[in-house]
2 protein chains.
Amino acid sequence: MNIRELARRSGVSTATVSRALNDRAEVSEATRAKIRRLASELGYAPNEPARTLVRRRSDTIGLVWDSGQEAMGQHNPFLLGLLSAVRTALSDADYHLMLLTTPGAEDQDGAHLQAVQRHNLEGVIVLTTPPDDRCLRVLADSTVPCAGIDTAFTGPRTVRVSSDNAAGAEAAVQHLYELGHRRIATVTGPLHLPPAAERLAGYLRACSRLGLSVPPEYVTEGDFFLASGEAAGKRLLAAPDRPTAIFAAGDQMAIGAIHAAADAGLTVPGDLAVVGFDDIDAAALVRPALSTVAQDQRGLGVAAVEALRGLIDATTVDAAQAQPRIIPTRLLIRGSSRPGV
Amino acid sequence: MNIRELARRSGVSTATVSRALNDRAEVSEATRAKIRRLASELGYAPNEPARTLVRRRSDTIGLVWDSGQEAMGQHNPFLLGLLSAVRTALSDADYHLMLLTTPGAEDQDGAHLQAVQRHNLEGVIVLTTPPDDRCLRVLADSTVPCAGIDTAFTGPRTVRVSSDNAAGAEAAVQHLYELGHRRIATVTGPLHLPPAAERLAGYLRACSRLGLSVPPEYVTEGDFFLASGEAAGKRLLAAPDRPTAIFAAGDQMAIGAIHAAADAGLTVPGDLAVVGFDDIDAAALVRPALSTVAQDQRGLGVAAVEALRGLIDATTVDAAQAQPRIIPTRLLIRGSSRPGV
DNA sequence: CCGCCGATCGGAAACGTTTACGGCTATCGA
DNA sequence: TCGATAGCCGTAAACGTTTCCGATCGGCGG
């Protein structure tokens with residue numbers, strides 16, 4: 001069942017059918033209705049490849065996410081949430097979604113760019129991918145519109161969407177301060193990653209604003225994984241002026257710190273309050289439940305799609321679109337910081 | 001840069017270029033090499049929509065996953081792992097991947113089938129979607145090849161890929177038996193879901209094989225979430241002949257049972273051993289770390305792709321392909337069952 | 001020397017859609 | 001009454017590939 005067959009049965013030409021189905025004005029309401037009815041009766045579905053071919057646009061955008069961490073068996077915890085958010089936001093905007101696969105080492109670096117050309121993709125959304133991905137560099141350097149969530153790469157038509165990491169960290173410290181804590185330490189992520197650096201900056205800003213002293217040993221660089229948080233916690237809790245609270249830049253590290261406290265015979269949140277970042281699934285499952293700074297996955301997804309549409313529609317590179325979109329976070333207070341919860 | 005331009009620069013016809021790039025035999029090695037070189041020099045990438053149009057096949061398969069649980073803020077824990085596995089398995093088989101979006105309620109039920117026709121998709125992989133999805137029923141009833149992972153739906157060209165839930169459960173009980181436990185209870189998932197029913201069957205089979213008695217109160221139906229496991233644990237541990245071990249059909253419920261033990265003043269695994277199912281991220285983060293039956297995500301993905309290819313290539317519906325592919329599981333022994341780990 | 005054959009290539013017709021262009025009818029103002 | 005105009009529609013040319021038919025050209029056996 002193609003458009004010619006449908007045209008024949010409707011008693012009109014293919015041009016009219018096309019116009020009717022695409023809501024063009026030059027068709028009378030009567031014939032439009034008849035064509036519509038016949039189309040759904042016959043189960044006609046327009047052939048997208050053919051449309052793409054002649055229209056030179058596919059209404060499709062590509063999606064890339066990190067595969068580096070997967071190789072280590074470690075998934076970024078909220079990737080799935082982002083994925084869902086992006087998916088629904090894109091389908092709300094009437095876009096189709098194609099998954100791009102990061103090639104193996106033997107393949108060439110231009111794989112993503114090639115895929116964009118081959119499929120006439122109109123843009124790409126990149127999820128939490130390390131900025132040193134060479135395959136991604138090629139893409140970002142091209143004129144393909146790109147929106148990166150929780151990742152930092154720059155290029156001629158690129159926009160970054162990210163949580164307000166600094167404000168989130170600041171809110172966490174503020175929360176601990178209001179609970180009476182004055183000795184607040186932090187465990188950061190790898191500081192070459194922008195989110196980790198921003199969370200540290202927020203922590204430092206809050207401390208300075210609140211007049212808290214930050215001895216150098218209160219800042220430990222971790223790697224976002226459990227063990228680094230546990231090690232940092234162990235060291236911090238063994239020190240003479242041990243902190244009464246720890247802000248960890250990732251939930252896994254926060255849970256590690258709680259383990260360290262338990263090993264040291266300390267209770268949480270009584271002897272040590274802990275706040276994490278990200279609100280991974282496990283945060284609600286551990287005991288005590290982990291207070292944490294939750295990212296607005298849906299908001300991130302919607303903003304990314306919106307920003308990408310801006311890039312696509314913009315004929316000239318507007319300076320206003322080049323600057324990053326910052327999405328607010330939300331502090332979830334649970335048992336690891338507030339007693340009796 | 002299209003094939004005509006490339007042909008002009010190579011001094012051959014478009015037909016020859018097409019043959020060269022598609023590894024057809026009727027081209028001399030010399031011209032093939034020249035065309036190849038020129039193509040990569042000029043950055044030529046064939047236009048997939050045009051190829052799809054004329055070849056009547058897109059080398060693309062669709063991917064559907066459940067959106068029901070997401071609405072509740074609950075993600076299926078290993079969906080992401082499956083996604084990655086399917087993605088790499090498909091790209092290894094030189095397929096492209098398109099994400100299908102489950103439509104909102106106002107949309108029609110044929111959305112998935114329509115998407116398949118529109119994009120010329122050659123098959124669909126369905127991930128952990130409830131079998132009562134109407135949109136999916138339409139798809140399964142059509143002649144579109146479908147492979148469902150961890151879900152059960154039947155249709156004319158459908159194959160199911162699933163973990164060996166029964167054997168996994170059996171191994172868990174066996175493990176507990178070997179540790180000396182004789183009173184082993186279980187918390188199941190919703191029994192109308194095949195995986196939950198199969199895990200219960202495996203539990204029952206192991207108990208009967210090992211000569212363990214299963215009083216009716218030892219079997220509790222949960223909902224895979226934390227609270228149901230905690231409630232079941234609380235009830236079981238308050239009973240006079242309380243079990244010394246619990247096999248939970250899901251990790252969240254297993255963690256809930258551990259919480260119940262802690263509330264009852266019991267130690268894990270000393271007073272109560274617990275084994276879960278799925279190996280979600282949190283299983284390695286809680287304390288004690290959760291023993292669990294891990295699913296082979298990569299294996300599931302590879303098997304699904306393989307089965308789907310079989311369905312696609314098969315001209316006639318082969319009976320051998322209709323029966324489900326069962327992927328073995330792996331028992332991970334951690335601190336919640338074995339002391340001193 | 002002739003016909004045949006294999007290897008290699010080109011011409012041109014599809015594939016299903018959109019859209020520029022033009023044609024027809026009816027209405028309307030002058 | 002006539003030209004202009006608006007509304008509606010059809011014809012046909014693209015879009016970039018693949019592939020069916022031939023065509024050409026050596027080589028080779030008879």
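In what follows, every chain begins at residue 1, and chains take the letters A, B, ... in the order their sequences are listed. Treat the numbers as computed from the prediction; the structure is a model and nothing was measured.
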May I ask you to decide if A:E26's main-chain N or O and A:R19's side chain share a donor-acceptor pair within less than 3.5 Å?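 Not confirmed, A:R19 side chain does not pair with A:E26 backbone.
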Return whichever of A:R19 or B:S18 has its heavy-atom-nearest nucleotide of DNA chain D closer to the 5' end.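 The 5'-side residue here is A:R19.
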Expressed in angstrom and rounded to an integer, what is the separation of [X] atom [atom1] from [N] atom [atom2]?
{"X": "A:N47", "N": "C:dT17", "atom1": "CG", "atom2": "P", "answer": "6 Å"}
{"X": "B:E48", "N": "D:dT18", "atom1": "CD", "atom2": "C1'", "answer": "12 Å"}
{"X": "A:M1", "N": "C:dC15", "atom1": "CE", "atom2": "P", "answer": "15 Å"}
{"X": "B:Y44", "N": "D:dG16", "atom1": "OH", "atom2": "P", "answer": "10 Å"}
{"X": "A:L21", "N": "D:dC9", "atom1": "CG", "atom2": "C1'", "answer": "16 Å"}
{"X": "A:R57", "N": "C:dT19", "atom1": "CZ", "atom2": "C1'", "answer": "15 Å"}
{"X": "B:E26", "N": "D:dA23", "atom1": "CD", "atom2": "C1'", "answer": "15 Å"}
{"X": "B:H119", "N": "C:dT17", "atom1": "NE2", "atom2": "P", "answer": "13 Å"}

Between [options], which nucleotide gets closest to the side-chain atoms of [X]?
{"X": "B:A15", "options": "C:dA14, C:dG10, C:dT18", "answer": "C:dG10"}
{"X": "A:T14", "options": "D:dA12, D:dT17, C:dG11", "answer": "D:dA12"}
{"X": "A:T16", "options": "D:dT17, C:dG10, D:dG10", "answer": "D:dG10"}
{"X": "A:T31", "options": "D:dC15, D:dG10, D:dC9", "answer": "D:dC9"}
{"X": "A:S13", "options": "C:dT17, D:dT19, D:dG10", "answer": "D:dG10"}
{"X": "B:R4", "options": "D:dG16, C:dA12, C:dC15", "answer": "D:dG16"}

Could you tell me whether the phosphate oxygens of [N], OP1 or OP2, come under 4.0 Å of any side-chain nitrogen or oxygen in [X]?
{"X": "A:T52", "N": "D:dC15", "answer": "no"}
{"X": "A:S28", "N": "D:dC9", "answer": "yes"}
{"X": "A:R24", "N": "C:dT19", "answer": "yes"}
{"X": "B:N22", "N": "D:dT18", "answer": "yes"}
{"X": "B:R51", "N": "D:dT18", "answer": "yes"}

DNA chain C: 5'-proximal contact among B:V54 and B:R32 (nearest heavy atom):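 Result: B:R32.
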Return the [atom1] to [atom2] distance between [X] and [Y], rounded to the nearest 0.5 Å.
{"X": "B:M1", "Y": "A:Q117", "atom1": "CE", "atom2": "CD", "value": "10.0 Å"}
{"X": "A:T60", "Y": "B:H119", "atom1": "OG1", "atom2": "NE2", "value": "6.0 Å"}
{"X": "B:R309", "Y": "B:D313", "atom1": "CZ", "atom2": "CG", "value": "6.5 Å"}

Under 3.5 Å, is there an N or O donor on one side and an acceptor on the other linking the side chain of A:R56 and the base of D:dG16?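 Not at all, since no donor on one side and acceptor on the other fall under 3.5 Å apart.
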If you apply the rule salt bridge (charged side-chain N to carboxylate O under 4.0 Å, His left out), what do you find for A:D59 with A:R57, and how did you get there? CA-CA 6 Å; A:D59 292 334; A:R57 54 174 306 184; 3.3 Å; yes
Could you tell me which non-hydrogen atom of B:V116 sits nearest to which non-hydrogen atom of B:L139, and how far apart they are?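 Result for this residue pair: CG2-CD1, 4.0 Å.
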Under 4.0 Å, counting only non-hydrogen atoms across every strand here, what does A:P49 touch: a base, just sugar-phosphate, or nothing?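 No contact at all - A:P49 keeps every heavy atom at 4.0 Å or more from the nucleic acid.
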